[in-house]
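Right, one structure below, let's go through it.
By convention here, the first residue in the shown sequence is residue 1. These numbers come from a predicted model, not from an experiment. For ligands, and for the atoms within them, numbers begin at 1 and follow the listed sequence.
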Amino acid sequence: MTGEQGIVAANFGRQVLVENADGALVPCIISGRKLRPVTGDRVIWERLDEPGKGLVCKILDRDNELTRPDRRGRTDVLAANITQVVVVCAPRPAPDLFLIDRYLAAAAFMGASAAVVLNKSDLVEETGLGPLQEALEEYRRIGYPVLHTSAKAMNGLAPLRAQLVGQVSILVGQSGVGKSSILNALLPEADILTGELSEGSGEGRHTTTASRMYHLDSGGDLIDSPGVRDYAPAAFGEADLTHGFLEFAEPAGHCRFANCHHLREPGCAIIQAVKEGKICARRYESFKRLERLMTQLRPGY
Ligand SMILES: Nc1nc2c(ncn2[C@@H]2O[C@H](COP(=O)(O)OP(=O)(O)OP(=O)(O)O)[C@@H](O)[C@H]2O)c(=O)[nH]1
Ligand SMILES: [Mg+2]
Ligand SMILES: [Zn+2]
């Protein structure tokens with residue numbers, strides 16, 4: 001096929017922005033309804049007669065995709081070809097630890113590394129870390145890099161930049177934790193819209209509506225994604241859910257039964273590790289909740 005190769009820098013439904021080989025952004029329409037390019041996709045596109053406009057005609061094979069089920073239960077792809085999932089949390093809005101665990105599991109399943117960023121560190125003095133205190137210590141113990149940033153006070157940005165070098169990373173997490181603000185702090189010229197927390201409810205407004213990729217001068221690509229309150233990974237096929245919980249890998253090898261589901265089987269080394277405090281009980285509860293969710297998404301499992 002003739003045409004040029006490019007990367008999708010943003011997708012707005014049936015329109016995408018493709019970054020061409022020179023780094024210029026070309027607004028493109030999409031050839032055929034079946035083709036659904038997402039941010040991070042490598043695509044083949046052709047120039048249209050109208051100057052500066054293009055047509056995406058092919059999506060090259062994806063290394064991986066970050067998916068979630070949409071409201072109708074269909075799989076919605078947030079972005080493709082990701083090497084690192086950066087889960088952002090904050091003291092406000094009230095943290096959802098199960099959501100963080102689900103994103104960390106999704107990262108493992110897509111073969112991407114993961115890191116946790118506590119943003120709004122400027123608020124910690126005032127509000128304390130609350131339930132995040134223990135959770136962040138736990139994530140660090142498991143082996144995830146845990147970084148503290150304040151996009152507002154411009155603190156902790158250098159270690160974050162270092163974490164992003166050489167990676168295609170995506171910022172994910174609840175609406176209002178400050179994903180777009182972090183991008184603005186790293187890349188002031190991007191001038192991305194951010195949302196004020198609405199008075200009273202403490203919930204963030206959904207301000208970011210489309211995933212968009214930016215290049216950092218310090219190295220690495222970073223994708224801003226719309227925050228979701230109800231993210232659940234799309235069904236992980238036949239995959240073994242324990243792979244999504246890195247600290248389960250070692251004990252899982254010692255279960256009495258090779259096909260142990262780690263729910264109520266006798267001789268389960270994971271249940272034993274939870275009893276002995278070697279696996280965090282909260283993480284085990286997340287595992288069981290995710291197991292139940294997957295069972296609903298995956299009939300016949
Ligand atoms: N105090 C404080 N506020 C912050 C910080 N970072 C972001 N905020 C505020 O938090 C609110 C939400 O920030 P956004 O960057 O829009 O959050 P988001 O995660 O992109 O939200 P969605 O696009 O809805 O997913 C805004 O009012 C920001 O000003 C921070 O480090 N400290
Ligand atoms: Mg945003
Ligand atoms: Zn077991």
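Residue S175 has at least one N or O atom closer than 3.5 Å to an N or O atom of ligand 1. Among the atoms of K152, some N or O lies under 3.5 angstrom from an N or O of ligand 1. Considering backbone and side-chain atoms together, K120 places an N or O closer than 3.5 Å to an N or O of ligand 1. Polar contact with ligand 1: present for G178 (N/O pair, distance under 3.5 Å). For ligand 1, the polar-atom distance check against P226 finds no nitrogen or oxygen pair separated by under 3.5 Å. Considering backbone and side-chain N/O atoms, G176 comes within less than 3.5 Å of an N/O atom of ligand 1. By the 3.5 Å distance cut-off applied to N or O atoms, S225 is not counted among the residues near ligand 1. Ligand 1 has a nitrogen or oxygen under 3.5 angstrom from a nitrogen or oxygen of G227.
Note on D76 versus R36: no salt bridge recorded, every NZ/NE/NH1/NH2 to OD/OE distance being 4.0 Å or above.
Here is the list of ligand 1 atoms found below 4.0 Å of a heavy atom in S150: 31 (O). Close contacts between ligand 1 and S181 involve ligand atoms 6 (N), 7 (C), 13 (O), 14 (P), 15 (O), 28 (C) [criterion: under 4.0 Å to a heavy atom]. The K179 neighbourhood of ligand 1 comprises atoms 15 (O), 17 (O), 18 (P), 19 (O), 20 (O), 21 (O), 22 (P), 25 (O), with distances under 4.0 Å to a heavy atom of that residue.
With a 4.0 Å heavy-atom cut-off, ligand 1 is reached by no atom of V88. Within the 4.0 Å heavy-atom criterion, both parts of V177, backbone and side chain, lie near ligand 1. When heavy-atom distances to ligand 1 are checked against a 4.0 Å cut-off, N119 comes that close only through its side chain, counted from C-beta outward.
Ring-plane geometry between F287 and H262 is classed as tilted, the angle between the planes lying from 30 to 60 degrees on a 0 to 90 degree scale.
Within the 4.5 Å cutoff, side-chain heavy atoms of L186 are placed close to those of L222. Side-chain contact between L97 and S286: absent, with no pair of heavy atoms (C-beta onward) separated by less than 4.5 Å. The shortest distance between side-chain heavy atoms of V87 and L104 falls below 4.5 Å. Residues I44 and E4 are not in side-chain contact: their nearest non-hydrogen atoms beyond the backbone lie 4.5 Å or more apart. Side-chain contact between L216 and D221 is absent, with no heavy atoms from C-beta onward closer than 4.5 Å. Using a 4.5 Å cut-off on side-chain heavy atoms (C-beta onward), N259 and E265 make no contact.
Listed by chain and residue number, the protein N/O/S atoms under 2.8 Å of the Zn ion (ligand 3) are C255 SG, C260 SG, H262 ND1, C268 SG, with waters left out.
With N11 as reference, V38 is the one residue of V38, L17, V56 to meet the side chain to side chain contact (heavy atoms under 4.5 Å, CB included) rule.
Side-chain polar atoms of S150 and D122 form a donor-acceptor pair below 3.5 angstrom. A donor and an acceptor atom, one from each side chain of Q272 and H254, are nowhere located under 3.5 Å apart.
When all heavy atoms of W45 and N20 are compared, the pair lying nearest together is CZ2-CB, 3.6 Å. Heavy-atom minimum distance, L241 versus F245: O-CD1, 3.7 Å.
Residue S225: no N/O/S atom is found under 2.8 Å from the Mg ion (ligand 2).
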